[in-house]
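The structure appears below as structure tokens.
Convention: sequence-line order gives letters A, B, ...; per-chain numbering from 1.
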Amino acid sequence: MTEWLAKRPAGAPMAVAIDNTNQFIGLAYRTGEGRAVPMTLLEALRPMLEAEDVEKVVHDSKGFLLAMAPLNIKAAAVTGDAMLFAFLISADPGGCSPEALAERFLDRKLNAAAEQQAEATLAVAELLRPQVEKQELWSVYRDIDLPLSPVLAQMEMSGIRVDTVVLAELSTRLNERIEGLAQQVYDLAGHPFNINSPQQLGKILFEEMALPAPFKYGKGKVVSTAADVLEGLAPAYPVAQLVLDYRQLTKLKGTYIDALPLLIRPETQRVHTTFNQTGAATGRLSSSNPNLQNIPIRTSEGREIRAAFVPEDGWELVVADYSQIELRLLAHMSQDPVLMEAFTHNEDIHTRTAAEVFKVNPLMVNSEMRRSAKAVNFGIVYGQTPFGLAQSLGIDRKEAELYIRRYFERYVGVREFIDKTIAEVRASGVAKTLLGRRRPIPDMNTRNASARLFAERTAVNTPLQGTAADLIKAAMIHIARILKEKRMRSRMLLQVHDELVFEAPVSERDELKDLIKREMENVYQLSVPLLVETGSGANWRDAK
DNA sequence: CTGGAAAGCGCC
DNA sequence: AAAGGGCGCTTTCCAG
């Protein structure tokens, strides 16, 4: 802690609301970022504050040091976290900053003054607390959102180690390939241009080089050069493949390889993300600065980037992820007998769906059939249309319609679940998770057909995605508590939606794996089992 | 020079 | 008429 205190980065000031007996009220915001420090974290920091000679200094959950300005606020009660309250009342990621809260609930415009923000936020918290208490939202607040907050804070402070040597080597290697690809593109085009500019690229490809322009694909004013378009052209036009490869490599280099080393904090030699608890309308977390929830894994180059995330010496990364949690939740919520049976017997769900859709014995399912069934399974969760399925599988729409029809013939309960869910959300205007988190879906009755269909897809997806988010959050809270109780040294580092990443001393690794698997699988009693797959660092690089 | 929109794409 | 749910980051491009 003292090291943190010694090096105060040039950060914005923060205000903390303190009552007149100098007790924390539990609201703190860093000006400009709207980052809430929940009252549970402030409680945790209290000893440090009292011990420090520095009168009014605290650091936030990311390890930034922040100046505290005591305020003359008279309220004596602990008021709660305004940001979390607001998110529970309406899961609107854009509406939870101190500024937005003041506008929404107090009809006040805030300036940048920390004192003003804290004071207004306090008022918002007092206003919202009874609203949250009244509804079933209180248990979500008390059991999930509030206790999760210090867990996230701890994860942010832990950070994760990144091997800059690996990244530097990869950077030079990719650079050569990128330049080579660019040169080949220029040669085919006849002259250099900015490949990064979709505008210029579209002109070169579809005007100068006269490639067949994608059928009515221009969304705005410019012809689309998106990946699916280029993929369609690639077999006949090598330039398309070159651009795809160029894009992939520049993306990896620009977003990860070159950016990550700059975000390593000198104090810890690690990267510290920020987990936003009100960042996704479904109740998922989001991650930023850097976003560690979108570290590449799909391609071999991507896996090389992931391999740069390494444990401390003598430690090991441990990963655990829920297998097919959203489809398991679909089974639970729909009570579809076939889907439930598949998961109860721990079958490969994509193979099972293939067997159902293609009406063959599961043993006769080949990889092509499984691939199609996998797309169908995902499509159901996302509300995909025959058109969309056809596009993603490269088949015609009749074929896609057949797959979807066959799916619902076999999974009748899923059809009923979807219809029932849409009807309920249409009536209530709100999508709910199993634990009671609610997301308003305003467009269910709009006359705009595309907006309405979008709302319907959201209505079906949100309970699945959102419940998965609730369950893993609950598991995180349990695991963090047990690690503390057992005085284990292992630390939770990352959450990637259905996956947790830990760092464990090698001697603790097996105990940790058992513990997290048990806690994650038993976090909630469903009609089908939850399955958690654990692995070590190598799995984080190579799995999936 | 800055801010924001649009395009594109990384992940689950 | 659009056509797959949820995010965050980078680059380009353009307006002020």
>> Checking contacts here: which listed nucleotide (B:dC11, C:dC13, C:dC9) is nearest the side-chain heavy atoms of A:Pro296?
In response: B:dC11

> How long is the line joining CG of A:Leu260 and P of C:dC9, in whole Å?
Replying inline: 11 Å

>> Quick check: closest heavy atoms across A:Leu292 and A:Val496, and the distance to 0.1 Å?
In response: O-CG2, 4.1 Å

>> Give me the distance, rounded to whole Å, that separates B:dA7 from C:dA3 when you measure between the P atoms they each carry.
In response: 13 Å

> Nearest to the side chain of A:Ser197, which nucleotide is it out of C:dC7, C:dC13, B:dG10?
Replying inline: C:dC13

>> Side chain of A:Arg298, heavy atoms from C-beta onward: which of C:dC9, B:dG10, B:dG8 has the nearest atom to it?
In response: B:dG10

> Between B:dC12, C:dT11, C:dA2, which nucleotide gets closest to the side-chain atoms of A:Ile297?
Replying inline: B:dC12

> What heavy-atom pair brings A:Pro261 and A:Thr164 nearest, and what distance separates the two atoms?
Replying inline: CB-CG2, 4.2 Å

>> Under 3.5 Å, is there a donor on one side chain and an acceptor on the other for A:Ser158 and A:Glu503?
In response: no

Polar atom pairs between nucleotides 4-6 of chain C and protein, under 3.5 Å, N or O only, would you list them?
unit_1	atom_1	unit_2	atom_2	d
C:dG4	OP2	A:Thr385	N	3.2
C:dG4	OP2	A:Thr385	OG1	2.8
C:dG4	OP2	A:Gly388	N	3.3
C:dG5	OP1	A:Arg457	NE	2.8
C:dG5	OP1	A:Arg457	NH2	3.1
C:dG5	N2	A:Arg284	NH1	3.3
C:dG5	N2	A:Arg284	NH2	3.2
C:dG5	N2	A:Gln465	NE2	3.3
C:dG5	N3	A:Gln465	NE2	3.2
C:dG6	OP1	A:Arg439	NH1	3.3
C:dG6	OP1	A:Arg439	NH2	2.8
C:dG6	O4'	A:Gln465	OE1	3.2
C:dG6	O4'	A:Gln465	NE2	3.1
C:dG6	N3	A:Arg284	NH1	3.3

>> Counting Watson-Crick and G-U wobble pairs with both distances under 3.5 Å, what is the dot-bracket string for DNA chain C, 5' to 3', using [ ] for crossing pairs and | for pairs to another strand?
In response: ....||||||||||||

> Has the side chain of A:Asn291 got a donor or acceptor that lies under 3.5 Å from a partner of the other kind on the base of C:dG8?
Replying inline: no

> On a whole-Å scale, what distance lies between the P atoms belonging to C:dA2 and B:dA6?
Replying inline: 16 Å

> Taking the side chain of A:Ser286 as heavy atoms from C-beta outward, which of B:dA7, B:dG10, C:dC7 is closest to it?
Replying inline: C:dC7

I'd like a table of donor-acceptor pairs (distance under 3.5 Å, sequence neighbours excluded) in which one partner is a side-chain atom from residues 394-402 of chain A, with atom names and distances.
unit_1	atom_1	unit_2	atom_2	d
A:Asp396	OD1	A:Lys398	N	3.1
A:Asp396	OD1	A:Glu399	N	3.0
A:Glu399	OE2	A:Tyr403	OH	3.2

> Rounding to a whole Å, what distance do you find between A:Glu301:CD and B:dG10:P?
Replying inline: 11 Å

> Between the side chains of A:Ser450 and A:Asn448, is a donor N or O closer than 3.5 angstrom to an acceptor N or O?
Replying inline: yes

>> Measuring to OP1 and OP2 of B:dG8, would you say a side-chain N or O of A:Thr225 lies under 4.0 angstrom away?
In response: yes

> What's the CD-P distance between A:Glu456 and C:dA1, to the nearest Å?
Replying inline: 18 Å

> CG of A:Leu252 versus C1' of C:dT11: gap in Å, rounded?
Replying inline: 15 Å

>> Are the side chains of A:Tyr256 and A:Leu167 in contact, using a 4.5 Å heavy-atom criterion?
In response: no

> Atom CG of A:Leu249 to atom P of B:dC9: distance rounded to whole Å?
Replying inline: 13 Å

> Does a side chain donor of either A:Arg439 or A:Thr462 reach within less than 3.5 Å of an acceptor in the other side chain?
Replying inline: yes

>> Nearest 0.5 Å, please: how far is CG in A:Leu493 from NE2 in A:His272?
In response: 10.5 Å

> In whole angstroms, how far is the C1' atom of B:dC9 from the CD1 atom of A:Ile305?
Replying inline: 13 Å

>> In this structure, how many angstroms lie between the P atom of B:dC11 and the CD atom of A:Gln495, rounded?
In response: 17 Å

> Which part of the nucleic acid, if any, lies within contact of A:Asn448, taking any heavy atom under 4.0 Å across all strands shown: a base, the sugar-phosphate backbone alone, or nothing?
Replying inline: nothing

>> Counting only side-chain heavy atoms from C-beta out, which of C:dC9, C:dC13, B:dC11 sits nearest to A:Arg306?
In response: B:dC11

> Heavy atoms under 4.0 Å, any strand shown: does A:Ala390 hit a base, just sugar-phosphate, or nothing?
Replying inline: nothing

>> From the set C:dA2, C:dT10, B:dG10, return the single nucleotide nearest to any side-chain atom of A:Ala259.
In response: C:dT10

> Taking everything shown except A:Lys432 itself, do over 12 heavy atoms lie less than 6.0 Å from its NZ?
Replying inline: no

> Roughly how many Å is it from CD in A:Gln200 to P in C:dT12, rounded to a whole number?
Replying inline: 9 Å

> To the side chain of A:Asn196, which of B:dG10, C:dC9, C:dT12 is closest?
Replying inline: C:dT12

>> Classify the ring geometry of A:Tyr141 against A:Phe85: parallel below 30°, tilted from 30° to 60°, perpendicular beyond 60°.
In response: tilted

> Without hydrogens or angle criteria, can the side chains of A:Lys420 and A:Ser334 be said to hold a donor-acceptor pair below 3.5 Å?
Replying inline: no

